[in-house]
Each structure stands twice: as structure tokens, then as C-alpha cells.
There are 4 protein chains.
Amino acid sequence: MKTMKDKKEQKRALILNAAIKLYSVNGFEETKIADVAKEAGVSFGTVFSYFESKNALYEAAILEPLEEIRSYFENVEDHFQGDPLDVMKAMIDCHVEIFSTRKELLLLIQQVLARPSRFPNLFEELDGFVNSFVDSINSIIEEGQKLGYFYKGSPSLIAESYLSFINGIRLTFIDDETNPVWERFKIQALRLFGPFYKSEE
Amino acid sequence: MKTMKDKKEQKRALILNAAIKLYSVNGFEETKIADVAKEAGVSFGTVFSYFESKNALYEAAILEPLEEIRSYFENVEDHFQGDPLDVMKAMIDCHVEIFSTRKELLLLIQQVLARPSRFPNLFEELDGFVNSFVDSINSIIEEGQKLGYFYKGSPSLIAESYLSFINGIRLTFIDDETNPVWERFKIQALRLFGPFYKSEE
Amino acid sequence: MKTMKDKKEQKRALILNAAIKLYSVNGFEETKIADVAKEAGVSFGTVFSYFESKNALYEAAILEPLEEIRSYFENVEDHFQGDPLDVMKAMIDCHVEIFSTRKELLLLIQQVLARPSRFPNLFEELDGFVNSFVDSINSIIEEGQKLGYFYKGSPSLIAESYLSFINGIRLTFIDDETNPVWERFKIQALRLFGPFYKSEE
Amino acid sequence: MKTMKDKKEQKRALILNAAIKLYSVNGFEETKIADVAKEAGVSFGTVFSYFESKNALYEAAILEPLEEIRSYFENVEDHFQGDPLDVMKAMIDCHVEIFSTRKELLLLIQQVLARPSRFPNLFEELDGFVNSFVDSINSIIEEGQKLGYFYKGSPSLIAESYLSFINGIRLTFIDDETNPVWERFKIQALRLFGPFYKSEE
DNA sequence: GATGAATGAGCTTTCATTCAT
DNA sequence: TATGAATGAAAGCTCATTCAT
């Protein structure tokens, strides 16, 4: 009994991962369910016994991985301790790690952001995600501003700038996945918060 | 003779603009030639007398507008004079103007960047565009670094950061088109170059 | 042993009744085996342990109930005694009772009659049923004609008229199931045999 | 211009007739659009440029022929003149002609009547048709009753009986199309109105 | 050159049937 | 025996492209 449930779970994951891969590369319309099935190594009827429709599979391919990273954006204070500067540095490390290794998810997210009217439910979800993040680091930025670490000015401007920046990196340099490349951008991300110089400079 | 040529040119533009609008909102696959024809106010078959195929129309919809803005990214020194700081400020003004008003083009560009294998010719073209820009402002950044305006470090890192940033803004806040919103981001863009503070702060 | 056999019999009946209900309402094609299973309260695969195929289930759903009523059409003389007029009145009572309460069976029969080439075996069976009925009351009608009760003319014409009439009522007023409605048609059925007036008129 | 419109009209009729033929024989679900196309001698994409969907084609296949016969059922008084008896005889002649030659339409109608919930719009239309007919001959029957031609009793009972009768003939003896067969039933139809004998008897 | 009817490949989705458990 | 996951044939429908007018 246990084994059967596990097997089902496993097969579902197989399909979902195939979907994530293909959707992210080819987009919703040009991804064919037959291709997903082949990639997952199942017959294509099977895809429909695990996911109700092509649309439902797309939603799952975005929302389920989103859950895995949600906490690192919406509960920043829970994950990173220390003074505001340390928190931001740790957060940037974490986010850069996510953005550099999760290209597929970010591409999927971008597909949705680029077509709000086509995917209204998903768009709303992702829009909420963005807003939650901005809210989530608001007080940290304010504290950092008081301590003189960060630029004065609207915390949400800074938060939005930061998010746009890492998102922009991901989308503009789509082929770069190597860590050293991403490593270099961390200092730039930090500079959106305040006038930081690398110690060795 | 002249008039007829003009009329043809005009009809072609009608179709191309309709294509830009619809492709940018709906993507390549979900944009139907019939919809483009209707939006352009021409008959269905006419689209095919001006553009060889759906693919060709897509390429034109991206490459032709790209030409209009190319110069502002690849010949920065020709457009903006003064010391490096002034040049960068003017360039940011110009680019923000372009990015805020040309949402459609940026969305189209993103569609291509997100799917290199699907649109290899276009991708190569756009990849070259990015690299040209980075090269183009290299010497300006170096000069600014010498003058102490800008952060030390790889000029291309700074250039790439900047491009990613404005692109990220465009893509993350897809619905914002109002100028005031974009205005606020200019200072953040500048901060990727060096530790700047608004005068009123 | 006995109990197990009974249980099987019972489960089979459960499935068959569900099939009769759904086939009659939705027709052969639009009735899904999964729906039959759900209606019967058994699991999906179980249907196939009792009936070889969807086709076999359909045949059973028609032929088995048909057996229950066959005798009242093919052995009229055995069931109704008296002079021809009384026999016909009793027969009409009986048939109206059957047609008014067995809507499902009549709908199934009609599905077959309407598509001889699709269900050749079933059609032949039902066609034989009709002919048997016509033969079966032939002598009664002849006798009634001799006694002056019934119209002169071909007995089979009268028999066919009668059968068509009750069948037509059933099919034309598909929603009427109330007995009073059917009661009114009895006198009309009788009038196909001879010029009868209700006593109260 | 005229020619083109005519050609389109002609092709539409080709498709509609093929649909009528196949739908009536095979029913809605088992009729494949590909078969209709083949029967009509067009490619199957063409079917969809004349009719929006399989459903729409089905509705047209029923409602358009229905219009052709509607008047003979809903405007009985306009078509048949004379005393009530003559009107009824003429009407029966007309209706028998229609029912014997229009098997396909009657089969289609029956498909709808048998599945009200599947074809609600069509069912409503046809139900209205039946009621209109019953209303339409009401006064003629009443007049015939006053003149002593017809049985006393509810005119709508008689009207419904008559309609059920010819419908029942059509459906019970699906294969008979020869006129002589139908001719014999006319006297039986008339006997539902009153106690008539053929002159030669 | 402009039109839009005709075509048919290719897609998503359904569901009877099979079969391992 | 009972189950329900897996399969894949088959269907409706879309739409880029062709081409006769």
C-alpha cells in the first residue's frame, strides 16, 4: 500500500519535472503534452491521469516549485539573522543561489509576468509574491537606513530595484549558469542598497 | 508611382504595427495571422503578400523597431556629450524613456532571449546587441573610474548590471507605464555605477 | 456457496440496472463505463468482470428486460381471456401499464430500431418481437371482426397501427409518466380496432 | 459575384445534406465530421468553415428542414380548406407524404426527443412544434365534433393521438418507405378522429 | 495586388480495454 | 475476484499556408 502510493508520487514527480523542463524552454503553447510524456517516459494518456489538463500541469509546474522558494522571499527575517547589512548580504547569497540554479522556474515565472491576461490566476499569485517580498524586507531596510548602512529613500523602491536586478540578470544572461558569473553580481546587488565597496578594493 | 509606393509602405506599416502589438501581448504561437489582419484592418491574405510567413513577420516585428533604438545603445558616445557622469545620466534618461514607452519591443526581445533555440537568428542578433552595448560604454566607464566617479571593478560587470537592471524593471513591473514610476528608478540605475545620492537628500 | 452466488447475482443486477438507466438517457456512445460503475457503486474494473465489453452490456441491458415483457406481447391469448373485445381491452391495460412505467426499456428499444445497421443482432431480435406480436393477435382480431366489434380490413394493419400508436405516445411525450395521462390514451388505442365510445359519452 | 455566392450556398447545402443523412443514420456521437466531409466530397476543414462546430451542424441539420415542414403543422387552416372532415383528410395526406419521404428528419427529431437534457435548445424547439400543432387543429376538431364527424372528448387528446400515431409508424417501421405501406395507415389515422369506414368496405 | 475559401497536419483530450497487484 | 493505473487509438477543432478568382 505504502509502496503503491510512493510509486504514484514518484511518477507524478517524473511528469512534473519533465513539464517544468519543457515548459520553461518552449513556453506553454509550443510544449506538446506528447513531448512531456516522452520526456517523462510515460505514455501520454498517463499525463492526463495525473494532471487534469495541459493548463493544470502548467500551473503545477510553476506553483509547486514556487512554494519551495517562497519562504526565502516572504520570511526574510526568519532565515537570516544579524544586523541589517548582514541580513541583506545573507539574503543576496541565498537569492543568487536560487536564481542561478533555478533558471527553469524563473523562466516560467517570466512567461506568466509577460502575459497577465493569458494566465490571470498565476499572474495574481506571482504579483502577490513580489509584493510580499517588498513588504517583507521593508523594516529591515528602514533599520539599515537608520544605522547609516543604506541609502535614504523609499524602502520599496530599493526592494523593487533589487528584485528587478536579480530577475533582470537571470533573463538577460539566460545562458550563464556558472557560479563565478553570478558571484560577481552580488556586489552590484548590494550597491542598490547602499554605497558598498569590496574590502579588497 | 510615388503615391502607390507610399501606399504600399503604409499598408506594410499597418500590418507590422498590428503584429508588434499582438505578438508582444500574446507571444508567437498564440498570435493568429487572422487576428493581425483584423487588427491591421486588412484582409487575411494581404498579410502574406507583405510578409512571406508568420516567422518572417515575427522577425520583422522585432528587428525593425530594434534598428530605431540600436544607436542609443551601440553609439553611446555619439549621442551624449560631457564628462562620464553627465554622459551616464543622459544615457539613463534616454534609456528609461525608451524602456518605459517601448514596452512592446522589450517584451518581444524577452520572448527571444528566453528561447534561444527556437529563434536562433534573432537570438544571435539580440545577443550581439547586448555585447555591443557593453563594449560601447566600456571606455566611458573606465574614464569615470579614473575620475573617481564610479566604482572600481570590471566595466563590463557594471554595464551588464545596468542593462539587466532596466530590463528587469521592465519585466518585473510589466503593468507600470507611468513616467513617475520609472523616474524613481533612475537614481537606482545610477547607483550601479557609483555611490550617488540625490541632491535633495 | 449459495450466498456467494447470490451476491454475484446481486452485483450483476446492480450493474445492469445502472447500465439500463444510463444507456436509456444518454445512448450508447455517450454512456461511459466509468459512469455506469459509479452509478452502480462498484469499481471501474468490476464492470468488465461481469460483462465482456461495453457492447455486451448494452445487449444485456436491452434483451434481459425484454424477456420480462415478451410474453405479454407474444402470448396475448394466454394472458387475457374472454371475448375479443375484452381481450383487447385487457391487453391495452397491460401494455399501457408497461409502456408508462418502462420508459427506459422503450427508449433503449427505440435506439436500436433507429439504427438497424449499428445493432444488427439487436435489431433482428426486436424486429422479430414486433412481427411476433402482430402474428399473435391476428386471430383475435379476425374473430373480433367476425363478431362485428372491429373494423374490417387487414388484421396486421390494425396490429401494427396499435403498436405504433403506443410506441408513438411513449416517444412523443417522453416526459409524461403520470398515469392519468396514459389513461386517456387507452380509449384512443381501442379506437384503432373499432368505433368505440366511452360509456359516459 | 453572384456566382461565388451561389457556389458557397451550394457547398453549404452539400455539407448539410451529408450531415442530415449521416446524423439520422448514426446519431450525433457516432457521426464523425470526417465522414460528413467525405460524404459531401469536401475536405473536413471545410465543414468547419461553414458550420461552427459539430453541434451547430447538428442543429442546422434539424432546424432547417424543420422550417420547410413547419407550416403544414402549425398553419393547418391555411393549407387545407373545406369542412373539418375534408381538412383532416387532406392534412393526413400531406403529413403521411411528409413522414414517408422525410425519414431522415423524423429520425433526427426522435433523437432529440429521446434526450431532452442533451439537446435542450432543440428539445424546446421541437416541444414547441408539437404544442403548436395541437393548438393549431384544436378549433377544427371542435367544429368537426359539433358536426358529428369526430368523437367527442378533448381535442388535444385527439391531436396528440394523431401525432403520436404517425410518429410511431415512422419509428416502428423504420425500413418501410414504400408509399403503398403508408397509404394503408391513412385510414387508421383518420379513425383516431372518428369512426370512419373506407367507402369500398 | 488583394481576397478569403479550401486544405490537412497537428494538437489536446477522452475512454474502452488490458493487466499487474 | 476486485481494483484502478496505464495505454493509445480516435475524435473535434485550429490555423498557417496555398491558390483560384
Side-chain angles (χ1 to χ4, degrees), chain A residues 1 3-5 7-8 11-12 15 28-37 40-57, chain B residues 4 7-8 11-12 28-38 42-58, chain C residues 4 7-8 11 15 28-38 42-58, chain D residues 1 3-5 7-8 11-12 15 28-37 40-57:
Chain A
M1 208 61 174
T3 316
M4 213 174 83
K5 217 173 181 178
K7 249 185 191 164
K8 280 196 66 176
K11 194 165 259 185
R12 188 181 183 281
I15 295 169
F28 180 80
E29 286 86 14
E30 291 211 20
T31 298
K32 313 307 173 191
I33 292 291
D35 296 338
V36 174
V42 300
S43 100
F44 87 76
T46 303
V47 175
F48 286 97
S49 61
Y50 287 86
F51 299 90
E52 219 174 35
S53 66
K54 193 182 175 182
N55 250 296
L57 179 57
Chain B
M4 217 172 84
K7 249 184 191 163
K8 281 190 59 177
K11 202 169 236 183
R12 191 182 180 284
F28 179 80
E29 270 292 306
E30 283 220 348
T31 298
K32 315 304 174 194
I33 294 293
D35 296 338
V36 173
K38 186 182 260 182
V42 303
S43 96
F44 180 62
T46 302
V47 175
F48 286 93
S49 353
Y50 287 88
F51 299 90
E52 211 176 41
S53 68
K54 192 181 176 184
N55 251 298
L57 179 58
Y58 190 66
Chain C
M4 217 173 84
K7 248 184 193 165
K8 281 192 59 177
K11 201 170 237 185
I15 295 169
F28 180 79
E29 271 292 306
E30 284 220 347
T31 298
K32 315 306 175 193
I33 293 293
D35 295 338
V36 173
K38 186 182 259 182
V42 302
S43 97
F44 180 61
T46 303
V47 175
F48 286 94
S49 358
Y50 287 88
F51 300 90
E52 210 174 45
S53 68
K54 192 180 177 184
N55 251 298
L57 179 58
Y58 190 65
Chain D
M1 208 61 173
T3 317
M4 214 174 83
K5 216 172 180 178
K7 249 186 191 165
K8 280 195 64 175
K11 195 165 260 185
R12 189 182 182 280
I15 295 168
F28 180 79
E29 286 86 14
E30 290 211 21
T31 298
K32 313 306 174 190
I33 292 291
D35 296 337
V36 173
V42 301
S43 98
F44 93 75
T46 302
V47 174
F48 286 97
S49 62
Y50 286 87
F51 299 90
E52 220 174 36
S53 66
K54 192 182 175 183
N55 250 296
L57 179 57

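Sequence lines set the chain letters: A, B, ... in the order given, protein chains first and strands last, and positions in each chain run from 1.
- Of the residues in residues 44-54 of chain D, those with a non-hydrogen atom less than 4.0 angstrom from any atom of DNA chain F are Phe44(D), Phe48(D), Ser53(D), Lys54(D).
- Helical stems in DNA chain F, defined as runs of 3 or more consecutive Watson-Crick or G-U wobble pairs with donor-acceptor distances under 3.5 Å: E:2-21 with F:2-21.
- With sequence neighbours excluded, the residues that form a side-chain hydrogen bond (donor to acceptor under 3.5 Å, both in side chains) with Ser43(B) are Thr46(B).
- Residue order along DNA chain F, read from the 5' end via each residue's closest nucleotide, puts Lys11(C) first among Lys11(C) and Asn55(B).
- Counting only heavy atoms from C-beta outward, the side chains of Tyr50(B) and Lys8(B) approach each other to under 4.5 Å.
- For the side-chain hydrogen bond (donor to acceptor under 3.5 Å, both in side chains) test, no residue two or more places apart in sequence or in another chain qualifies with Glu52(A).
- Of the possible donor and acceptor atoms, none in the side chain of Lys54(A) sits under 3.5 Å from a partner among the backbone N and O of Lys32(A).
- The shortest distance between side-chain heavy atoms of Ile33(B) and Phe48(B) falls below 4.5 Å.
- Distance Lys38(C) NZ to dG4(F) C1': 14 Å, rounded to the nearest Å.
- The separation between Ile33(B) atom CD1 and dA16(F) atom C1' is 7 Å, rounded to whole Å.
- The nearest whole Å value for the distance from the CD1 atom in Ile15(D) to the C1' atom in dT7(E) is 13 Å.
- For the pair Asp35(B) CG and dG4(E) P, the interatomic distance rounds to 15 Å; values are reported in whole Å.
- Taking Phe51(B) as the reference, Arg12(B), Ile15(B), Leu16(B), Leu57(B), Ala60(B) meet the side-chain contact (heavy atoms from CB on, under 4.5 Å) condition, with sequence neighbours excluded.
- Of the candidate nucleotides dT7(F), dT7(E), dA16(F), dT7(F) has the atom nearest to the side chain of Val42(A).
- With sequence neighbours excluded, no residue forms a salt bridge (Lys or Arg N to Asp or Glu O under 4.0 Å) with Glu29(C).
- Of all non-hydrogen atoms in Phe44(B) and Ala37(B), the two that sit nearest each other are CA-CB, 3.8 Å.
- Residues Glu29(D) and Glu30(B) both approach DNA chain F. Their nearest nucleotides, taken by heavy-atom distance, put Glu29(D) toward the 5′ side.
- Across the interface with DNA chain E, nearest-nucleotide mapping of Ser43(B) and Lys32(A) shows Ser43(B) to be the residue nearer the 5′ end.
- Under the ring-ring contact (aromatic ring centres under 6.0 Å, His included) criterion, Tyr58(B) pairs with Tyr23(B), Phe28(B), Phe119(B), not counting sequence neighbours.
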